Protein chains: 2
Amino acid sequence: VIRTQGLTKRYQTGAEVIFAVKDLDLRVERGEFMAIMGASGSGKSTLMNLIGCLDTPTTGTYWLNGVETSQMSDDELAAIRNREIGFVFQTYNLLPRLTALQNVELPLVYRGVPARERRAVAAEVLGHVGLGTRIQHRPNEMSGGQRQRVAVARSLVGTPSLLLADEPTGNLDSRTTEDILDLFEQLHSQGNTIVLVTHEPDVARRAQRVIVLRDGEIFSDELND
Amino acid sequence: VIRTQGLTKRYQTGAEVIFAVKDLDLRVERGEFMAIMGASGSGKSTLMNLIGCLDTPTTGTYWLNGVETSQMSDDELAAIRNREIGFVFQTYNLLPRLTALQNVELPLVYRGVPARERRAVAAEVLGHVGLGTRIQHRPNEMSGGQRQRVAVARSLVGTPSLLLADEPTGNLDSRTTEDILDLFEQLHSQGNTIVLVTHEPDVARRAQRVIVLRDGEIFSDELND
Ligand SMILES: Nc1ncnc2c1ncn2[C@@H]1O[C@H](COP(=O)(O)OP(=O)(O)OP(=O)(O)O)[C@@H](O)[C@H]1O
Ligand SMILES: Nc1ncnc2c1ncn2[C@@H]1O[C@H](COP(=O)(O)OP(=O)(O)OP(=O)(O)O)[C@@H](O)[C@H]1O
Ligand SMILES: [Mg+2]
Ligand SMILES: [Mg+2]
């Protein structure tokens, strides 16, 4: 479902050039569960943003579902993001004025799902991440890990065919981490594709395949046993 | 240096009452290195904020350096926070319009340290966290882990006698985690007190003592071997 060739993201700050992603070739098939690891600053979030069409590469080519993304209109890109891709951002990106429920239902608002239905689904998914009793709370009335879980719930509510999760368990205790990974595996068992960034080896072990980035390039690409 | 008795933080949201911290008694002696663990939502950040005088308890008593904090003026509290306590916030709290250097030098600005001196010290500490080449970058030009390290650098720049670090390594790879923990141990070896929240058992193991919170109360309090 994902194919990149020579994918590069370059930043120029004054005289200095930084390659966040550098000439990267990658294929991810439908139904794969892949983890991305690598040192801080090695390019993981940048790659995730490029895969999710939240950013554009400086050079290189990216095909999503066989269509070259640079040929897509803004409306087409927005449609794909809204309908097919679930995101868990490293910084959560929750809207501070909205309750947990309103944050989680947002992807369904964009799809035009009727209010009653979308609120029921959003409440159900919040229950799955252990926040069923907190649906009316705003992010600033929650702990760090609770906010992270709202972000995870929002990524799952539309049952995306591609889930991009950037460090979805960094602020979670091990029990809650297990619960989240069980949800991801459930989504995967339904035939969906999962790409997960993590610093935790135990979390990476749950994936089928692990790539390690270094300085914007793929350093290793191996299957888990 | 820290003593609490019956410390409680209660939130009331509509008809619902949440005890973030509940009737908690705690002593931390000068020169201790203590880790706090516990499930998401168990009260760790709330306790940290209370210890650091960034929040006030609903009920209960807190003595810092033998002085009851409720008897301190705002100026006295601000002076203690600025001069003696280093904070690493779970959400980093970097100022987005300032460069890494300007963020890190901020505690020294508040102390009236002259510009040239404070910039030299800030650059040095950024070097210690592996960001010596990024001092002019703003937070949005950095990865998640790089921002976390700027936050750590800012907490250390004033060589605080009490360091409160709320999940300082959650977004860091293991190598960078080791580097940060080495810095904390160095500060500890100089006689300073460290209180560290973490979800990572390996990180908690580096402390001398580990308390585990559950529903706002201390569930266990043990020394590491
Ligand atoms: N402003 C607030 N209003 C209502 N409830 C709050 C508020 N701040 C925190 N809480 C609640 O208090 C409890 C403790 O929060 P706290 O942030 O201390 O947890 P934590 O142990 O740091 O969790 P995490 O590991 O997820 O960061 C949580 O249930 C949280 O939702
Ligand atoms: N807007 C930007 N301007 C300049 N440099 C940037 C920008 N965004 C990211 N970078 C740099 O690109 C590199 C890769 O960043 P990225 O966020 O992809 O790293 P990461 O692997 O996700 O790291 P972490 O584990 O710390 O989250 C880093 O060196 C980062 O500082
Ligand atoms: Mg990242
Ligand atoms: Mg917390």
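Because the structure is predicted, anything quoted here is derived from the model rather than measured. Letters go in sequence order (proteins before strands), and every chain restarts at 1.
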In this structure, are over 12 heavy atoms from other groups packed under 6.0 Å from B/N82 atom CG?
yes

Does any backbone or side-chain atom of B/S45 lie under 4.5 Å from a heavy atom of chain A? Answer side chain, backbone, both or neither.
neither

What distance separates B/D173 CG from A/T198 OG1, expressed to the nearest 0.5 Å?
11.5 Å

Is A/R134 close to chain B through its backbone or its side chain, or both, or neither, when contacts mean heavy atoms under 4.5 Å?
side chain

Crowding at CG, A/D55 (>12 non-hydrogen neighbours, <6.0 Å)
yes

Just so I understand: if I count every heavy-atom pair under 4.5 Å between each of B/Q146, B/M37, B/Q148, B/Q90 and chain A, which residue has the most?
B/Q90

Would a 4.5 Å heavy-atom cut-off, applied to side chains only, mark B/T91 and A/R147 as touching?
yes

Using non-hydrogen atoms only, which part of B/S143 is less than 4.5 Å away from chain A: side chain, backbone, both, or neither?
side chain

Report which part of B/T133 has an atom under 4.5 Å of a heavy atom belonging to chain A: side chain, backbone, both, or neither.
backbone

When heavy-atom pairs shorter than 4.5 Å are enumerated against chain B, which of A/R149, A/E200, A/R175, A/K44 gives the highest number?
A/R149

Which one wins on heavy-atom pair count under 4.5 Å against chain A: B/T46, B/T13, B/T177?
B/T13

Under a 3.5 Å threshold, yes or no: a donor from one side chain and an acceptor from the other, between B/H137 and A/E16?
yes

For the CD atom of A/E141 and the CD1 atom of B/I18, what is their distance to the nearest 0.5 Å?
8.0 Å

Between B/E167 and chain A, which part of the residue has a heavy atom less than 4.5 Å away: side chain, backbone, both or neither?
side chain

A/N140, CG atom: more than 12 neighbouring heavy atoms under 6.0 Å
yes

